[in-house]
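Here the structure is a predicted model, which is why all the values come from computation and not from measurement. Every chain is numbered from 1 and lettered A, B, ... according to where its sequence line falls, protein lines coming before strand lines.
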Amino acid sequence: MINIIVGISLLLTLWLTLFSSANLLCSNMVLGKITTRHVDRWIFIAAFPVFLSVVIYYLLLFNLPANFVFGVMALLVIGTGIFGLPAFSRYIYSSFRHINSRVEYAFIAALSFFILISFFLSLIMPVYSNDLAEYVMLSRYFIDGNTQFIDGERFFENTGFYYIGLHAPGFPLLGAFGDWVFSLHNYGNAVFIKSITGVYAALLLFVSYLYFKKVWNRPIVAVMPIFLFISSYGVIISMVKFHIDTIRIFTILAVVYVILNKNRFSSLYYTILGVVCGLACFIHSLNVFFVFILVFIDFINSDLRGYNKFLKYFISALYIIGLGGIYYLLELTFGSGWVLGEL
Amino acid sequence: MGLRGIVIGRSIPWWMPGLVAMAFSALWFIFYSTGPIDSVASYRGIDGTPQKWFNGHLGLFFKIDMLGAVHLFLLPVFIWESLKKKSFFKNSVHLVWGFWISFILVSALAYFNYRYWITFSLPVVAIVFKYLYENLRSKSDKVLIWAIALLLCVQGFNIFAKRIYNKLNTNSITSETGLPQKVDKPVDASILARLTFKPNLVFDFFNKNQVEGAVLLNGLPMFYTHCRQKAFMYFAERDIVYSSIGKSHLLDINTSSDALPRLSLQDLNIQYVLSSSSHNQMFKDFKKWIDENCVLLIQEGDIILYRIEHSHETRKST
């Protein structure tokens, strides 16, 4: 029982530190000057862990020792997280201060309860499903300093494991980061990677609620589509069963949100679009196709004309390649050929 | 209010999409109950031409056992709104195009797994809800709440109907596909025991003893996360083993069109097979091979550990 309580506390602390760090680095420094909307801030807060995995990917790509990489990242996150905790607390307080509806209280209480239950299950449930087992194996190799997968080699001689997925390593790298930190406390048994599902499920519901509340301006109305969404059996399964789905859906819906609200971001829109799209690509290969379609449609629909239009979207494309597309380019040129190859 | 008023006018009755959804639910049952062919496809509900289309390629709208009937409401919304002069989607036509192109992409490439359709779920729900809200805004909140309640009832009906249908028809599914009842976790155990279930006897066999030889994993990579024994992945449905030599076939029968080399069990020192009763059924020749060449060592829940008694090479020499 003590183990469970300590484990849940550690998970909460690490996620809070991550989001606090994200709030300081992304929201306060970058977004603070552009927008004050809660949805924008929460999307950037939720995207920060993926950005962290991109940074880890680059550092491992240049063959830096894994312990050094994870150690530096942990110090950075914990340092900025602690430093940014007062600002994050103030932000949370200011967000919740406006709650005056029982529906809203009930919704937030239900989400908090869901996160606690999800953390509890992350601690007690073994790695059982096939896809999760593969991601966990990759994350363990990253923690052990074996980065041959990043170099394009899929067969691991010591165990006989063969990774047959097509996706960039955003999810396992994020899991590796958390589980590296937890291994210092003997909670390194893939607990963090399992908790990602629950956290991003809660974020998906919370950010959707904030968006719907902005659209309809009434808590009772904003909760109704959320109810409809979670009434699907498949949605419930994907939120409860540990998998990549919730973070995949969250990142691609963030892209849709940014495109829907392009007028608000003014000249920074193309940078923000590139960043969000790149991070979505780094999580899942299906997102690459979705991003291509969405950016192409946005390009066609854009009010810009001529050279300026191409330049702006070229900048977006550079961000997309730099943050997520690089993995797929390397796979196509030096690796297994991604979707063109045979796995 | 004539027919034109119902279809094209502003006052579309909110119960009409509900009736459409109910009607399609009945259709879905008809399609679902036709004879299954392939066990993997049967598990995914796409085992036959109508199922492949309705539960697969058009799964976003018709796979209502997993996604719910709310998605089905989007079709009448799209059709009716495209007939109007002032469309519901007038401010976001480009995103509607994005939606349809993405839909075609998933429909063509990733239709086999309902999880990919869930990506669309939240936008679909938001569109359907916005549509209902804008049509019912002039009326009271009660009407809106009752409309949503009806939608939730339709959702619940489909979810529970699928479970009841499966319970009633387990025997017929088993006899036609060879797909057994799912017994991967102990049914009579407590919820906590079921949640924390893993085949500890199998894992202890490798972790607590000095066992020689590698293991062939029939689609169970969880073995890697619990044991340090060397193991190779095998996918019975495609008869492909992934090992240091790349891809190879385990059995004589090539299931795919490409000619892959045949695996030598002795070269890789494979002496055990870890599978499950449901995974065994994925490929009938594999089940036959197991019955002829392997001895059951441990069975725990659905998970079964075999020891290989006669490898290909031994069988040939004898």
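In this structure, no portion of A:Leu132 lies under 4.5 Å from any heavy atom of chain B. Heavy atoms closer than 4.5 Å to chain B are found nowhere in A:Ile300, neither backbone nor side chain. Neither the backbone nor the side chain of A:Asn287 comes within contact range of chain B, judged by heavy atoms closer than 4.5 Å. Residue contact with chain B, scored on non-hydrogen atoms closer than 4.5 Å, involves the backbone and the side chain of A:Phe161 alike. Residue B:Val124: no heavy atom, backbone or side chain, is found under 4.5 Å from chain A. Looking at A:Ile293, the atoms closer than 4.5 Å to chain B (heavy atoms on both sides) all sit in the side chain, from C-beta outward. Heavy atoms closer than 4.5 Å to chain A are found in both the backbone and the side chain of B:Ile101. Contacts between B:Phe235 and chain A at a heavy-atom distance below 4.5 Å involve the side chain alone, from C-beta outward. For a residue to count as touching a neighbouring chain, one of its non-hydrogen atoms must lie under 4.5 Å from one of that chain's; by this rule B:Leu192 touches chain A with the side chain only. With a threshold of 4.5 angstrom between heavy atoms, B:Tyr116 approaches chain A through its backbone and through its side chain.
Contact check for A:Glu134 versus B:Met222: no side-chain heavy atoms found under the 4.5 Å cut-off.
Atoms OG1 and CZ, from A:Thr159 and B:Phe232 in turn, are 9.0 Å apart once rounded to the nearest 0.5 Å. With rounding to the nearest 0.5 Å, the separation of CD1 in A:Ile226 from CG in B:Leu122 is 6.5 Å. With rounding to the nearest 0.5 Å, the separation of CG in A:Leu286 from OG in B:Ser102 is 9.0 Å. Of the inter-residue distances, the one linking B:Ser244 atom OG with A:Phe155 atom CZ reads 4.5 Å to the nearest 0.5 angstrom. Residue A:Ile236 holds its CD1 atom at 10.0 Å from CE of B:Met66, rounded to the nearest 0.5 Å. Separating the CG atom in A:Asn301 from the CG atom in B:Leu95 is a distance of 8.0 Å, to the nearest 0.5 Å.
The minimum heavy-atom distance between B:Pro123 and A:Leu253, with the atom names listed, is CG-CD2, 3.7 Å. The shortest heavy-atom contact between B:Tyr114 and A:Gly234 is CE1-CA, 3.6 Å. Pairing each heavy atom of A:Ile249 with each of B:Thr119, the nearest pair is CG1-CA, 4.0 Å. Between B:Thr225 and A:Arg140 the shortest heavy-atom distance is O-NH1, 2.9 Å. Smallest separation of non-hydrogen atoms from A:Ser232 and B:Leu67: OG-O, 2.6 Å.
For A:Lys214, the NZ atom is loosely surrounded, since the number of other residues' heavy atoms within 6.0 Å does not exceed 12. The 12-atom threshold is exceeded at CZ of A:Phe156, counting heavy atoms of other residues, nucleotides or ligands nearer than 6.0 Å. The environment of A:Lys262 atom NZ is dense: over 12 non-hydrogen atoms of other residues, nucleotides or ligands sit within 6.0 angstrom. Heavy atoms from other residues, nucleotides or ligands lying under 6.0 Å from CG of A:Asp303 number 12 at most.
With hydrogens and angles ignored, the 3.5 Å screen pairs no side-chain donor or acceptor of B:Lys198 with any backbone N or O of A:Met125. In terms of modelled atom types and a separation under 3.5 Å, the side chain of A:Asn130 and the main chain of B:Gly219 share a donor-acceptor contact. With B:Tyr224 contributing its side chain and A:Gly160 its backbone, the two residues share a donor-acceptor pair below 3.5 Å. Within the 3.5 Å criterion, the main-chain N or O of A:Ser238 finds no donor-acceptor partner in the side chain of B:Arg115.
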Check against ring-ring contact (aromatic ring centres under 6.0 Å, His included), B:Tyr234 and A:Tyr162: CA-CA 10 Å; B:Tyr234 171 67; A:Tyr162 195 107; over 10 Å; no
Start with the C-alpha gap between A:Val221 and B:Phe129, add the side-chain angles, then the distance that decides, and say whether side chain to side chain contact (heavy atoms under 4.5 Å, CB included) holds. CA-CA 9 Å; A:Val221 178; B:Phe129 181 79; 3.6 Å; yes
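Heavy-atom pairs under 4.5 Å with chain A peak, among B:Pro199, B:Ser243, B:Gly246, at B:Ser243. When the candidates A:Phe227, A:Phe212, A:Phe289, A:Trp216 are compared by the number of heavy-atom contacts under 4.5 Å with chain B, A:Trp216 comes out ahead. If you tally non-hydrogen atom pairs under 4.5 Å between each of B:Val215, B:Leu105, B:Val70, B:Leu220 and chain A, the highest count goes to B:Leu105.
Taking the six-membered ring where the residue is Trp, B:Phe197 and A:Tyr128 present tilted rings, their angle falling between 30° and 60°.
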